[in-house]
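Take a look at this one; I'll ask things after.
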Amino acid sequence: MGNDTEPLFLQIARLIQDQIMDGELEPGQRAPSTNELAAFHSINPATARKGLALLVEAGVLEKRRGIGMFVTEGARERIVGKRREDFAGDYIAPLIDEALRLDYSRTDLHDLIDRVAESRGMYQ
């Protein structure tokens, strides 16, 4: 999975969110079950269940009794909204902190960001 310092249940939630963001899971489509996630990732089903429960709380998945979890209408927009809310604190602040430690000037940091963004196809 992803970030080794992040609890497994959060990694599971992020994995499902990423599948929704990438269009692999669309509204109305069944999400992987607790048991499928647990078996595939070799984790405790309770851990997988906790990750799925976070997505239900966030309105990204809905539980349909007896048949599983399904992606809600507007799930992608909810995920984008939450990630945008958290973006500055989760990514920009740590980047600025490290740039300060490395004595990057504001101009150098902007140039570096532009070069990396361009190499990733952001400015095409």
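One-based numbering along the sequence shown.
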**Message:** Donor-acceptor check, side chain of N44 to backbone of A46, threshold 3.5 angstrom: yes or no?
**Reply:** yes

**Request:** To the nearest 0.5 Å, tell me how far L112 CG sits from T107 OG1.
**Result:** 12.5 Å

**Request:** Tell me whether L25 is reachable from V56 by hopping between hydrophobic residues (I, L, V, M, F, W, Y) whose side-chain heavy atoms are closer than 4.5 Å.
**Result:** yes

**Request:** Name all residues meeting the salt bridge (charged side-chain N to carboxylate O under 4.0 Å, His left out) criterion together with E62; count only those two or more places apart in sequence or in a different chain, and write none if there are none.
**Result:** R64

**Complete:** For F87, the ring pair (Phe, Tyr, Trp, His ring centres under 6.0 Å) test, sequence neighbours excluded, returns Y91

**Asked** Under 4.5 Å between side-chain heavy atoms, hopping through other hydrophobics if needed: is there a path connecting I113 to M122?
**Response** no

**Item:** Verdict with supporting geometry, I12 and I43, side-chain contact (heavy atoms from CB on, under 4.5 Å)
**Value:** CA-CA 10 Å; I12 290 293; I43 60 173; 3.7 Å; yes

**Request:** Report yes or no: does Q11 contribute a side-chain atom to a donor-acceptor pair with the main-chain N or O of E6 at less than 3.5 Å?
**Result:** yes

**Asked** So how far is it from L8 CG to H41 NE2, rounded to the nearest 0.5 Å?
**Response** 10.0 Å

**Asked** For S42, which residues count as a side-chain hydrogen bond (donor to acceptor under 3.5 Å, both in side chains) partner, sequence neighbours excluded?
**Response** none

**Request:** Could you go through the side-chain contact (heavy atoms from CB on, under 4.5 Å) check for Q19 and V71 one step at a time?
**Result:** CA-CA 11 Å; Q19 289 177 331; V71 179; over 6 Å; no

**Item:** Test item: R14 side-chain N/O and L10 main-chain N/O as donor-acceptor pair under 3.5 Å
**Value:** no

**Item:** Minimum side-chain heavy-atom gap M21-V80 below 4.5 Å
**Value:** yes

**Request:** Using the side-chain contact (heavy atoms from CB on, under 4.5 Å) rule, take L109 and I96 through it: C-alpha gap first, then chi angles, then the decisive distance, then the call.
**Result:** CA-CA 9 Å; L109 183 58; I96 298 297; 3.7 Å; yes

**Message:** Quick test of your reading: applying side chain to side chain donor-acceptor pair (under 3.5 Å), list the pairs with at least one residue in residues 48-58, sequence neighbours left out, ordered by first then second residue.
**Reply:** none

**Prompt:** Can you list every pair that meets salt bridge (charged side-chain N to carboxylate O under 4.0 Å, His left out) and has a residue in residues 101-117, with sequence neighbours left out?
**Reply:** E98-R101

**Message:** Do R83 and Q17 have side chains that approach each other closer than 4.5 Å (heavy atoms only, starting at C-beta)?
**Reply:** yes

**Message:** Considering only residues two or more places apart or on different chains, which pairs with a residue in residues 31-47 satisfy salt bridge (charged side-chain N to carboxylate O under 4.0 Å, His left out)?
**Reply:** R30-E36

**Prompt:** Counting heavy atoms not belonging to F70, are there more than 12 under 6.0 Å from its CZ?
**Reply:** yes

**Item:** side chain to side chain contact (heavy atoms under 4.5 Å, CB included) partner of I79, chosen from D18, I20, I16, L55
**Value:** I20

**Prompt:** Where the side chain of T47 meets the backbone of F9, is there a donor-acceptor pair that is under 3.5 Å apart?
**Reply:** no

